Amino acid sequence: MTQQFNNQFFAYTKQVTEGAFKAQSLALKSLETVAGLQLKALEQQTRDSAAFVAEVLETRDVDALRGLWEKGASLSREQAERAVAVSQEIIAVTQKAAESLQALVQEQRQAANEAVAAPAAKKAAK
């Protein structure tokens, strides 16, 4: 009897551990994707800002300064639009990860229910 209990316990422990490993792997992949999206957006924003600052430093007259005002406003708008787009991509990745985790939990719950029901069905059959 103890052997049967030990076998069931170890099988359940293995199942929980595998589920936790899958969940961690999924979470890390999602985190990697989100970090990549954010890093790419930050790099682009830094390049654009550095180019704008370089242009500002080369400005020598009032007319060029007026043109910079428009370019600065345009740059701000573009960066805000990019930030919104990146945020939407991050939300999509997060939502997909949450759905995958939910499916994993349901899969684990079903497997646990089957593992508990199988010994009970064997006892009932005897």
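In this text, all values refer to a predicted model and were calculated from it rather than measured experimentally.
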Pairwise distance [atom1]([X]) to [atom2]([Y]) - rounded to 0.5 angstrom:
{"X": "T59", "Y": "L68", "atom1": "OG1", "atom2": "CG", "value": "4.0 Å"}
{"X": "L104", "Y": "Q108", "atom1": "CG", "atom2": "CD", "value": "5.5 Å"}
{"X": "S30", "Y": "Q95", "atom1": "OG", "atom2": "CD", "value": "12.0 Å"}
{"X": "S100", "Y": "K22", "atom1": "OG", "atom2": "NZ", "value": "12.0 Å"}
{"X": "Q79", "Y": "F52", "atom1": "CD", "atom2": "CZ", "value": "10.0 Å"}
{"X": "R60", "Y": "L65", "atom1": "CZ", "atom2": "CG", "value": "12.0 Å"}

List the atom of A97, the atom of L26, and the distance in Å for their closest heavy-atom pair.
->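 Here A97 and L26 meet closest at O-CD2, 3.7 Å.
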Check: E89/T33 side-chain N/O donor and acceptor closer than 3.5 Å |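 Looking only at side-chain atoms, T33 and E89 do not form any donor-acceptor pair under 3.5 Å.
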Within a radius of less than 6.0 Å around CD of E43, do more than 12 heavy atoms belonging to other residues, nucleotides or ligands occur?
->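 Correct, the count exceeds 12.
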Under the side chain to side chain contact (heavy atoms under 4.5 Å, CB included) test, which residues partner E32, sequence neighbours left out?
->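 Not a single residue meets the side chain to side chain contact (heavy atoms under 4.5 Å, CB included) criterion with E32.
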Return yes if some donor-acceptor pair links the side-chain N/O of T17 with the main-chain N/O of T13 below 3.5 Å, else return no.
->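 Judged by distance alone, yes, a pair lies under 3.5 Å.
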So, the side chain of S49 versus the backbone of T46: is there a donor-acceptor pair under 3.5 Å, distance only?
->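 No.
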Answer whether the closest heavy-atom distance between the side chains of L42 and Q38 falls below 4.5 Å.
->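 Not touching, per the 4.5 Å side-chain cut-off.
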With a 4.5 Å heavy-atom cut-off, do E18 and K14 have their side chains touching?
->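 Heavy-atom side-chain distance check passes, below 4.5 Å.
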Passing candidate, side chain to side chain contact (heavy atoms under 4.5 Å, CB included) with Q88, options V84, I91, I90 =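 So the option named by the test is V84.
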Can a salt bridge be assigned to the pair D48 and R82 using a cut-off of 4.0 Å between side-chain N and carboxylate O?
->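 Counted as a salt bridge, because a side-chain N and a carboxylate O are separated by less than 4.0 Å.
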